[in-house]
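Inspection log for the structure reproduced underneath, given as structure tokens.
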Amino acid sequence: MKNRDEAREQVRQVLMQVPFATGCEVTEETRDGFVVRYELQGGGVETLEAVVLAQAYPAVVLRMLQAREAWRGYPLVVSPYVSPETVRLCMEHGAGCMDFAGNCRICFGTVYIAEGGHRNKAVRKPRRPGVFSSTTPISSTILRRLMQNVDKPWKLKDLSQTLGCSIGLVHKVKTFLCDNLWAETTPQGIRIAHVDELMQAWAREYATAPQGIRRFRTELTPEQLEWRVNEVRSRSGIRCWFTGATAAAHYAGSPRPAVFHGHIYPFRVADFARECGLAEVAEGGNVVLHLIEQPTTLADATEQNGSLLVSPAQMYLDAEDEPTRALALRLVAKQ
């Protein structure tokens, strides 16, 4: 009941901000929401049917939109928190959506309301399981294994046995991915369904976590530095995995970028910089070292022509330019 009361008030506030709106009232309560009569200048009247959801997971919203044979008016999904994936899904199905902070997208008749950026003080954003986090290594490893071959379906039992983790944790990851429509269950098992949307969500989450970075300068050319990096690894065992545009150049067989990007364990940075002749700088520089928090970042890394490369998925997360992201996405999707 509290959610409904808050939803009704939020709907009224948002709709009445339209300059030519003259009235907004709830005319009927339904099993999962309410019907709104919306009056506009000149005698126009619109009807909206709001559905109030405690959690607006894309899969939940999609089932709800597809199950309805008919709506009493313009469909409006109202929930404490609405994810970007849910907003996009509602747009595709001709429905509106709104959270309790007033963030919304509503479009019908002559009315168009798009609000974003309001801090949601009513509730905390639902806590994602550690699927996207390197600090929860097992869940992260499950996701990375699924991303290594997005066309391969996995039985939960097989995935559990392969990775040596509990089937319960695999099920939690599967539920999270399927709730957001990033994965689907088939008779053969779970498989990734929407690579681009999953990578975009992963990158958004990745960007919110503080990433340890150290910057350096070198007089070596990109080719000379890469040779030195590989020589240091063979001589002293200090490993550095190429990422971002540097890894992209190897995957694509293209010229090396001016700025080198690599992943390295924090305790090896000082020795690595000394061996490679790097001078640390406060900002800028042409060598950027991303500090590894957990080994799961490298769970899907590979070696190519004597150089260590992060996976295309990690390359996407570290990318600073659109061409690198586009290449990484093609590699992940095997396009």
Side-chain angles (χ1 to χ4, degrees), residues 1-18 21-40 44-116 118 120-129 171-172 174-185 193-194 197 201:
M1 180 62 69
K2 180 180 178 181
N3 273 1
R4 285 208 186 193
D5 291 342
E6 194 160 356
R8 282 194 292 268
E9 178 60 22
Q10 194 61 56
V11 169
R12 187 193 68 78
Q13 288 183 12
V14 169
L15 291 179
M16 288 306 294
Q17 70 179 333
V18 175
T22 59
C24 178
E25 64 173 333
V26 173
T27 59
E28 182 181 341
E29 296 287 340
T30 63
R31 181 173 59 86
D32 49 10
F34 47 87
V35 177
V36 175
R37 175 185 170 87
Y38 188 40
E39 299 177 359
L40 305 171
V45 176
E46 298 280 358
T47 302
L48 298 85
E49 182 175 355
V51 174
V52 183
L53 301 175
Q55 293 183 318
Y57 287 117
V60 173
V61 173
L62 181 60
R63 286 196 294 268
M64 182 266 299
L65 291 172
Q66 293 176 336
R68 291 291 183 99
E69 294 183 0
W71 290 79
R72 304 281 293 278
Y74 176 71
L76 180 62
V77 175
V78 188
S79 183
Y81 171 77
V82 178
S83 70
E85 291 76 25
T86 297
V87 173
R88 183 164 52 247
L89 180 66
C90 289
M91 290 170 56
E92 293 172 354
H93 286 77
C97 56
M98 175 190 306
D99 69 14
F100 285 3
N103 299 296
C104 63
R105 186 191 181 279
I106 300 172
C107 181
F108 62 88
T110 58
V111 176
Y112 177 75
I113 310 172
E115 291 278 346
H118 296 298
N120 198 324
K121 298 179 180 179
V123 293
R124 293 180 60 186
K125 178 179 174 181
R127 183 179 180 274
R128 297 181 184 271
H171 185 270
K172 286 183 179 180
K174 171 254 183 187
T175 299
F176 172 69
L177 295 174
C178 290
D179 277 347
N180 285 282
L181 300 179
W182 297 322
E184 62 184 4
T185 54
H194 297 286
E197 295 178 8

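Counting heavy atoms from C-beta on, the side chains of Tyr57 and Thr175 never come closer than 4.5 Å. Looking at heavy atoms from C-beta onward, Gln55 lies out of side-chain contact with Val60 at the 4.5 angstrom threshold. Counting heavy atoms from C-beta on, the side chains of Cys24 and Val36 come closer than 4.5 Å. Between Val61 and His93, the closest side-chain pair of non-hydrogen atoms is not below 4.5 Å. Using a 4.5 Å heavy-atom cutoff, the side chains of Leu15 and Ile113 are in contact.
Judged purely by distance below 3.5 Å, without hydrogens or angles, the side chains of Gln13 and Glu9 pair a donor atom with an acceptor atom.
Between Trp182 and Ala201, the shortest heavy-atom contact is CZ2-CB, 3.3 Å. Among all heavy-atom pairs drawn from Val78 and Phe100, the shortest one is CG1-CE1, 3.8 Å. Listed here is the closest heavy atom pair of Cys97 and Ile106: O-CG1, 4.3 Å. The minimum heavy-atom distance linking Val52 with Ala7 is given by the pair CG2-CB, 3.8 Å. Residue Ala54 comes nearest to Pro80 through the heavy atom pair O-CD, 3.6 Å, listed as atom of the first residue, atom of the second, then distance. Of all heavy-atom pairs between Gly96 and Cys90, the closest is O-SG, 4.1 Å.
The salt bridge (Lys or Arg N to Asp or Glu O under 4.0 Å) analysis of residues 23-32, with sequence neighbours excluded, yields the pairs Arg4-Glu29, Arg8-Glu29, Glu28-Arg72, Asp32-Arg68. Listed by first and then second residue, the side-chain hydrogen bond (donor to acceptor under 3.5 Å, both in side chains) pairs involving residues 102-116 are Asp99-Asn103, Glu115-His118 (not counting sequence neighbours).
For NE2 of His171, the number of neighbouring non-hydrogen atoms (other residues, nucleotides, ligands) closer than 6.0 Å is 12 at most.
Partners of Arg37 under the side-chain hydrogen bond (donor to acceptor under 3.5 Å, both in side chains) rule, at least two apart in sequence or in another chain, are Glu39. Listed by chain and residue number, Val35 satisfy the side chain to side chain contact (heavy atoms under 4.5 Å, CB included) test with Thr47 (two or more places apart in sequence, or in another chain). With sequence neighbours excluded, the residues satisfying side chain to side chain contact (heavy atoms under 4.5 Å, CB included) with Glu92 are Arg88, Leu89. For Phe108, the ring pair (Phe, Tyr, Trp, His ring centres under 6.0 Å) partners at least two apart in sequence or on another chain are Tyr74. Listed by chain and residue number, Ser83 satisfy the side-chain hydrogen bond (donor to acceptor under 3.5 Å, both in side chains) test with Thr86 (two or more places apart in sequence, or in another chain).
Atoms OH and CE, from Tyr38 and Met16 in turn, are 7.0 Å apart once rounded to the nearest 0.5 Å. Taking OG1 of Thr27 as the start and CG of Leu48 as the end, the distance is 10.0 Å to the nearest 0.5 Å. In this structure, CD on Glu85 lies 9.0 Å from CG on Leu181, to the nearest 0.5 angstrom.
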- Message: Run the side-chain contact (heavy atoms from CB on, under 4.5 Å) test on Glu46 and Val111 for me, step by step, so that the C-alpha distance in whole Å, both residues' side-chain angles and the decisive distance to 0.1 Å come before the verdict.
- Response: CA-CA 10 Å; Glu46 298 280 358; Val111 176; 5.7 Å; no
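Panel note: side chain Ser79, backbone Val82; no donor-acceptor pair is recorded below 3.5 Å.
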